[in-house]
Amino acid sequence: MKLSTLFITSLSLIPSLIAAVAIPDSAARNETLAKRGGEVNYLANCQRIGNNKDTYTASYAAWYMNIDNTQSGNDRPDSLSNEYRNWAAGGDYLHWEGQQQDIYFSDSGLTVQTHIDGDAQSRGFQAYAGWAQRTSDGKRYNCYKDNYRQLFFWPAPVPDGTNRAISCQAIYYCV
């Protein structure tokens, strides 16, 4: 019996199909495997800009339904957390590293806990930085260092109802 080339070629694809099925939906903690697309939480440091160009700093978490829609530098998040400031440091950005932060999204009522490693700022771009967890269902995310790129600019009025624009830079991303 003579096997056709087409039949033999199709048999060679079986290991690839098996490998594709074996890849889990989410990576285990401290792994680097992540699927394209899918949701992402960005931990961002931002500037709040008033009408008279008076500014102050604040931190936010920005949730996007699809990470592929976050690369232009001007993609508004699908959900934006409440504003957070470090009042112990005079109202500066949150200190994401070395301590748990509980970040609340008022539009959905969800909270995300962040656990960024204390030395994460010293790591390279896209290096593992820690983890985060959505408290409502326990979903865990691996967090990686971003490069302070412009995440979005949102002119006034903004979701919190104020007349201050928000300009945010990505510090970490959690997938």
Side-chain angles (χ1 to χ4, degrees), residues 16 19-49 55-85 93-94 96-97 100-117 120-121 123-175:
S16 298
V21 171
I23 295 174
D25 282 341
S26 61
R29 187 169 164 214
N30 203 13
E31 298 270 340
T32 57
L33 176 65
K35 294 190 323 183
R36 294 283 306 178
E39 67 180 292
V40 61
N41 284 289
Y42 282 95
L43 308 182
N45 288 343
C46 309
Q47 296 75 43
R48 297 298 309 266
I49 307 161
T55 65
Y56 67 87
T57 59
S59 296
Y60 291 86
W63 179 80
Y64 291 84
M65 223 180 299
N66 187 337
I67 192 171
D68 294 337
N69 299 333
T70 66
Q71 303 304 309
S72 77
N74 207 25
D75 297 305
R76 290 184 184 173
D78 295 303
S79 182
L80 188 63
S81 75
N82 289 358
E83 175 181 293
Y84 292 90
R85 297 173 74 185
Y93 304 118
L94 278 186
W96 295 109
E97 302 80 17
Q100 175 180 308
Q101 299 290 348
D102 293 323
I103 306 301
Y104 182 71
F105 290 82
S106 59
D107 60 350
S108 63
L110 296 176
T111 298
V112 172
Q113 291 179 338
T114 66
H115 304 269
I116 303 300
D117 296 342
Q121 272 302 303
R123 298 177 189 169
F125 174 51
Q126 295 188 331
Y128 178 80
W131 58 282
Q133 182 172 0
R134 189 168 52 213
T135 60
S136 63
D137 62 1
K139 180 169 182 172
R140 292 176 74 111
Y141 305 88
N142 288 324
C143 299
Y144 304 91
K145 187 174 178 196
D146 212 316
N147 62 358
Y148 305 97
R149 67 185 173 83
Q150 175 77 29
L151 184 58
F152 68 87
F153 176 78
W154 198 322
V158 295
D160 65 10
T162 65
N163 213 17
R164 290 183 171 271
I166 307 173
S167 178
C168 290
Q169 293 74 45
I171 308 303
Y172 300 101
Y173 64 99
C174 305
V175 291

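Atoms considered below: every heavy atom in the structure, side chains included; atoms not considered: hydrogens, waters and symmetry mates.
Side chains of Ser72 and Asn74: no donor on one and acceptor on the other come within 3.5 Å. Between the side chains of Asn41 and Glu39, not a single donor N or O lies within less than 3.5 Å of an accepting N or O. If you check the side chains of Thr111 and Asp102, you find no donor sitting under 3.5 Å from an acceptor. Between the side chains of Tyr141 and Arg134, a donor-acceptor pair is found at a separation under 3.5 Å. One side chain, Tyr93 or Gln47, offers a donor N or O that lies under 3.5 Å from an acceptor on the other.
With hydrogens and angles ignored, the 3.5 Å screen pairs a side-chain donor or acceptor of Arg123 with a backbone N or O of Tyr128.
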Inset, instruction - Begin with the C-alpha distance, continue with both residues' side-chain angles, and end with the deciding distance and a verdict on side-chain contact (heavy atoms from CB on, under 4.5 Å) for Ile67 and Tyr42. - result: CA-CA 10 Å; Ile67 192 171; Tyr42 282 95; 3.9 Å; yes
Legend entry - Check against salt bridge (charged side-chain N to carboxylate O under 4.0 Å, His left out), Glu83 and Arg164: CA-CA 12 Å; Glu83 175 181 293; Arg164 290 183 171 271; over 6 Å; no
Legend entry - Ile103 and Trp96: CA distance, side-chain angles, deciding distance, side-chain contact (heavy atoms from CB on, under 4.5 Å) verdict: CA-CA 11 Å; Ile103 306 301; Trp96 295 109; 3.9 Å; yes
Legend entry - Worked verdict on Asp75 versus Thr70 for side chain to side chain donor-acceptor pair (under 3.5 Å): CA-CA 6 Å; Asp75 297 305; Thr70 66; 5.9 Å; no
Inset, instruction - In sequence, state the C-alpha distance, the side-chain angles, and the governing distance for Ile166 and Leu80, and then conclude on side-chain contact (heavy atoms from CB on, under 4.5 Å). - result: CA-CA 11 Å; Ile166 307 173; Leu80 188 63; 3.8 Å; yes
Inset, instruction - Decide side-chain contact (heavy atoms from CB on, under 4.5 Å) for Ile171 and Gln121; before the verdict, give the C-alpha distance in whole Å, the side-chain angles of both, and the deciding distance to 0.1 Å. - result: CA-CA 9 Å; Ile171 308 303; Gln121 272 302 303; 3.6 Å; yes
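Nearest heavy-atom pair, Phe153 versus Ser167, reported as atom, atom and distance to 0.1 Å: CD1-CB, 3.7 Å. Here the closest non-hydrogen pair linking Asp137 and Lys139 is OD1-N, 3.0 Å. Minimum heavy-atom separation, Tyr60 to Arg48: OH-NH1, 2.7 Å. Smallest separation of non-hydrogen atoms from Tyr64 and Pro77: CE2-CA, 3.4 Å. Heavy-atom minimum distance, Leu110 versus Ser136: CD2-OG, 3.2 Å. The minimum heavy-atom distance between Arg85 and Thr57, with the atom names listed, is NE-O, 3.2 Å.
In this structure, Phe105 and Asn82 have side chains that are not in contact, with every pair of non-hydrogen atoms separated by 4.5 Å or more. Proximity of Gln150 to Gln169: side-chain heavy atoms (C-beta onward) are separated by under 4.5 Å at one or more points.
The distance from atom CG of Asn45 to atom OH of Tyr172, rounded to the nearest 0.5 Å, is 9.0 Å. We find the CZ-CG distance between Arg76 and Leu151 to be 12.5 Å, quoted to the nearest 0.5 Å. Taken to the nearest 0.5 Å, the CD atom of Gln101 stands 10.5 Å off from the CD atom of Gln113. Put simply, SG on Cys143 and OH on Tyr173 are 10.0 Å apart, with the number rounded to the nearest 0.5 Å. Between Cys174 atom SG and Ile116 atom CD1 the span is 5.0 Å, to the nearest 0.5 Å. A distance of 5.0 Å separates SG of Cys46 from CZ of Phe152, quoted to the nearest 0.5 Å.
A parallel orientation is assigned to the rings of Trp131 and His115, their planes being inclined by less than 30° (bins at 30° and 60°).
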